[in-house]
Protein chains: 2
Amino acid sequence: MDVGELLRTEGYRLTPQRQMVWNALRAADGHLTAEQIHDEVTRIAPAINLASVYRSLSLLAQLGLVKEVQLGEGMGRWEVNHPDDKFHLVCRVCGRVDHHPGDLVERVRAHLSGEHNFSPEGIDLVVHGVCARCSPAQVAD
Amino acid sequence: MDVGELLRTEGYRLTPQRQMVWNALRAADGHLTAEQIHDEVTRIAPAINLASVYRSLSLLAQLGLVKEVQLGEGMGRWEVNHPDDKFHLVCRVCGRVDHHPGDLVERVRAHLSGEHNFSPEGIDLVVHGVCARCSPAQVAD
DNA sequence: GTATATGCAAAGTCTTTGCATCGTT
DNA sequence: AACGATGCAAAGACTTTGCATATAC
């Protein structure tokens, strides 16, 4: 995927800021707050303004390249918009966020369009709980 | 459910403000922003402070009576915490939010605890799309 | 060269908090 | 009387916006 080309096709410009926000998100494989993206980018390049990070994220979202996920109270995170809907497992103990690759989201989609006359466009499934490595049964490993 | 009794059991007091926040949420059957709850309460009673609404909601949430759901960007809503997990259908067109009563959430839970060593504690499933009454196929009703 | 994007700072929105006062037990 | 809760206003966190300058094309 060439971001620059896509941007230009839509009449936008490829700036270093946009490139770096995009790169940071891809490198991290998701789950970053706007602030974390800003830190990550600034760690590499001289300086980039937080406002520009927000603007870049909005634009990339509008182009369908990234999306924001609400993992809970004050947990707005940004990630690369993978075509195959995954869902999120948020561990209450270690705070880790994992993508779950199953077909659950697909099944939800099928269930809804089939029976209920609701046309699903976006499905957000967030599960809070305790992950395997933080679960008591696993402590003795 | 007697809120007053539960509050007192836990060492808190039943104040008119708390009572009215609780009543407003029950009457609306959910999906209210803090501001909407405030408006609703103030419409009936002389005056209640927004800060008190937030404090009441936090307390009720702590007691497990209500919970906050993130329906998307800037859409934090409060609702009565029903024991049976429902999920939310948010219509992009009319903005209506419906509870979906199916067993999908239960199935997600079973799926996760069975196969994946992740102990789910809370499952938030939010579906954005177009509801039956806003769907093109239904316009000719 | 020109229109777009950035940086900076200010404003906006939503939520929380400190503190004096009020009300319940 | 004592402790907790409220109201008010100020502060906080996060995000957006106006405007002058810089830059991609």
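Atom set for the values below is all heavy atoms of this structure, side chains included, hydrogens, waters and symmetry mates excluded.
- A/W22 is listed as a side-chain neighbour of A/V66, based on a closest heavy-atom distance under 4.5 Å.
- Counting only N and O atoms by type, the side chains of A/E79 and A/H88 include a donor and acceptor under 3.5 Å apart.
- Taking atom CG of residue B/N49 and atom P of nucleotide C/dC22, one finds them 15 Å apart after rounding to whole Å.
- The interatomic distance linking A/L60 (CG) with C/dA5 (P) rounds to 12 Å, in whole Å.
- Between A/L59 and A/Y12, the closest side-chain pair of non-hydrogen atoms falls below 4.5 Å.
- With contacts defined as side-chain heavy-atom distances shorter than 4.5 Å, the pair B/N23/B/I44 does not qualify.
- Contact between the side-chain N/O atoms of A/R18 and the OP1/OP2 oxygens of C/dA5 is found at a separation under 4.0 Å.
- The distance from atom CG of A/L50 to atom P of D/dC14 is 10 Å, rounded to the nearest whole Å.
- Comparing C/dT6, D/dC8, C/dT15 by their nearest atom to the side chain of A/S52 picks out C/dT6.
- Atom NE2 in A/H38 sits roughly 12 Å away from atom C1' in C/dT6 (whole-Å rounding).
- If you check distances only, the side chain of B/R55 does reach the base of D/dG7 with a donor-acceptor pair under 3.5 Å.
- Recorded end-axis angle for the helix from C/dG1-D/dC25 to C/dT25-D/dA1 stands at 30°, based on five pairs per end and rounded to 10 degrees.
- Taking atom CG of B/L57 as the reference point, atom C1' of C/dT15 lies 11 Å away to the nearest angstrom.
- Between A/V3 and A/L65 there is a side-chain heavy-atom pair separated by less than 4.5 Å.
- Atom pair A/W78:CH2 and D/dC14:C1' shows a separation of 13 Å (rounding to whole Å applied).
- A/E5 has no carboxylate O lying under 4.0 Å from a charged side-chain N of A/R8, or vice versa, which leaves the two without a salt bridge.
- Proximity of A/H82 to A/H99: side-chain heavy atoms (C-beta onward) are separated by under 4.5 Å at one or more points.
- D/dA5 atom C1' lies 12 Å from atom CG of B/L7, rounded to whole Å.
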What does the list of N/O pairs under 3.5 Å between the protein and nucleotides 21-25 of chain D look like, with a distance for each?
| from | atom 1 | to | atom 2 | distance (Å) |
| --- | --- | --- | --- | --- |
| D/dA24 | N3 | A/R13 | NH1 | 3.1 |
| D/dC25 | OP1 | A/R8 | NH1 | 2.6 |
| D/dC25 | OP1 | A/L14 | N | 3.3 |

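- Whole-Å rounding puts the B/Q70 CD to C/dT15 C1' distance at 12 Å.
- Relative to the side chain of B/Y54, the nucleotides C/dA9, D/dG7, C/dT15 differ in distance, and C/dT15 lies closest.
- Residue A/A51 is in base contact, counting any heavy-atom pair closer than 4.0 Å across all strands shown.
- Considering only heavy atoms from C-beta on, B/F87 stays 4.5 Å or farther from B/V126 through its side chain.
- The residues B/R77 and B/E68 are annotated as not salt-bridged, no charged nitrogen and carboxylate oxygen being separated by less than 4.0 angstrom.
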